[in-house]
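So the structure is just underneath, and the comments pick up after that.
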Amino acid sequence: MEVLSVEDLRVKLEGREVLKGVNFSLKKGEKVFITGPNGAGKTTFLETLMGFVPFEGEILFKGKHLKSEDDFALLRGRVGYVFQNPDDQLFAPTVEEELAFAPLVKGIKREQVKEIVERTLREFEIKHLRNKPTYKLSGGEKRIVSVACVVTMDPEVILLDEPTTGLDRNKWEKLVEFFERTGSSLVVVTHDTKLMERLGWKRYVMEDGKLCSA
Ligand SMILES: Nc1ncnc2c1ncn2[C@@H]1O[C@H](COP(=O)(O)OP(=O)(O)O)[C@@H](O)[C@H]1O
Ligand SMILES: [Mg+2]
């Protein structure tokens with residue numbers, strides 16, 4: 001079953017065509033890479049899928065055409081987005097509060113939120129960061145925390161924009177293990193050839209606003 005798909009997606013930013021008729025579809029549980037040169041439109045593509053950018057064409061989530069802000073609000077409850085720059089993502093005073101935020105907003109009970117936070121701290125081996133202010137984290141720590149935050153939502157799909165930038169060997173390995181283990185569908189924008197070779201998923205290339213299978 002297709003979980004997310006787009007048909008002839010077009011985006012103009014400041015009068016320039018940035019996405020020029022993109023077609024794409026992702027099945028439940030499918031994991032794919034999108035690579036391609038800087039400025040090709042990869043980040044814009046992910047932002048458009050999340051409903052952050054006005055577009056022409058069709059975006060479908062589980063077969064439903066998304067049009068209104070309400071449609072995208074629903075999508076954002078089921079699709080997680082890890083920003084290219086973790087500073088755009090993190091805002092809570094501490095890592096623990098950051099991790100608790102999405103589940104609390106979802107209305108999950110405090111006790112259960114605590115369990116989710118503990119499990120996530122364990123899963124990503126970041127227990128030692130629990131009480132750290134997020135602005136004091138290193139670049140790599142910020143990135144792993146921003147992935148962990150999205151995982152607390154238990155999303156059906158996760159879109160990640162260059163998630164391995166700045167990770168040391170150990171955090172890189174943790175992230176790869178998560179990618180292998182998760183049941184969520186994944187779209188990973190990356191230049192990391194080691195990552196693509198290790199996981200061997202289907203690759204797409206974005207070039208000048210167009211998406212092709214590699
Ligand atoms: N808010 C914006 N306003 C105008 N142009 C933008 C904006 N965001 C991105 N662009 C332009 O759109 C193109 C694609 O950018 P982007 O999606 O960030 O590419 P990539 O992630 O592949 O490097 C670039 O030429 C960039 O300058
Ligand atoms: Mg980008």
Side-chain angles (χ1 to χ4, degrees), residues 4-26 30-61 66-67 69 72-73 75-76 79-91 134 137-151 155 157-168 171-172 175-176 178-179 184-199 201-214:
L4 192 60
S5 58
V6 310
E7 292 163 13
D8 196 25
L9 188 70
R10 292 169 185 277
V11 168
K12 261 190 191 170
L13 295 173
E14 293 171 4
R16 245 192 79 231
E17 267 191 279
V18 176
L19 298 182
K20 302 176 178 175
V22 171
N23 295 294
F24 172 77
S25 83
L26 188 71
E30 193 181 10
K31 299 173 182 179
V32 302
F33 291 116
I34 299 177
T35 186
N38 285 330
K42 303 181 299 296
T43 296
T44 304
F45 179 52
L46 299 188
E47 288 178 345
T48 308
L49 291 176
M50 295 304 290
F52 299 152
V53 179
F55 64 93
E56 285 174 35
E58 302 295 337
I59 301 178
L60 294 92
F61 183 60
L66 306 180
K67 295 284 175 209
E69 186 44 42
F72 281 100
L75 169 115
R76 290 195 283 267
V79 178
Y81 181 46
V82 178
F83 286 72
Q84 183 163 3
N85 179 358
D87 290 323
D88 292 336
Q89 185 126 15
L90 304 175
F91 59 92
T134 52
L137 302 174
S138 74
E141 287 170 345
K142 279 182 183 171
R143 199 164 292 279
I144 210 86
V145 167
S146 64
V147 175
C149 285
V150 166
V151 170
V157 181
I158 311 178
L159 313 178
L160 301 101
D161 201 347
E162 309 205 13
T164 60
T165 310
L167 294 186
D168 62 25
K171 290 191 195 67
W172 189 90
L175 190 64
V176 168
F178 164 72
F179 286 164
S184 302
S185 307
L186 299 177
V187 178
V188 179
V189 165
T190 191
H191 291 115
D192 186 339
T193 46
K194 239 175 34 192
L195 180 75
M196 292 188 274
E197 279 163 18
R198 163 81 173 262
L199 291 167
W201 306 337
K202 180 170 179 175
R203 287 185 211 186
Y204 293 89
V205 181
M206 180 75 82
E207 216 161 348
D208 191 24
K210 293 192 185 114
L211 193 67
C212 307
S213 298

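In this text the structure is predicted, and so the values were computed from the model without any measurement. Counting convention: from 1, in listed order, for ligands and their atoms alike.
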N/O separation below 3.5 Å, Val18 to ligand 1: no
Protein heavy atom at shortest distance from atom 26 (C) of ligand 1: Arg16 NH1, 4.4 Å
Any N, O or S atom of Gln84 closer than 2.8 Å to the Mg ion (ligand 2): yes
Contact flag Thr43/the Mg ion (ligand 2), N/O/S atoms, threshold under 2.8 Å: yes
Phe52 ring center within less than 6.0 Å of Phe72 ring center: no
Heavy-atom nearest neighbour in the protein, as seen from atom 17 (O) of ligand 1, with distance rounded to 0.1 Å: Thr44 OG1, 2.5 Å
Glu47 near ligand 1 by a heavy-atom separation under 4.0 Å: no
Ring centre gap for Phe24 and Tyr204 strictly below 6.0 Å: yes
Identity and distance of the protein heavy atom lying nearest atom 9 (C) of ligand 1: Leu13 CD1, 3.8 Å
Check: Asn38 N/O within less than 3.5 Å of ligand 1 N/O: no
For Pro37, the ligand 1 atoms whose distance to one of its heavy atoms is below 4.0 Å: 22 (O)
Close approach of Glu14 to ligand 1, heavy atoms, under 4.0 angstrom: yes
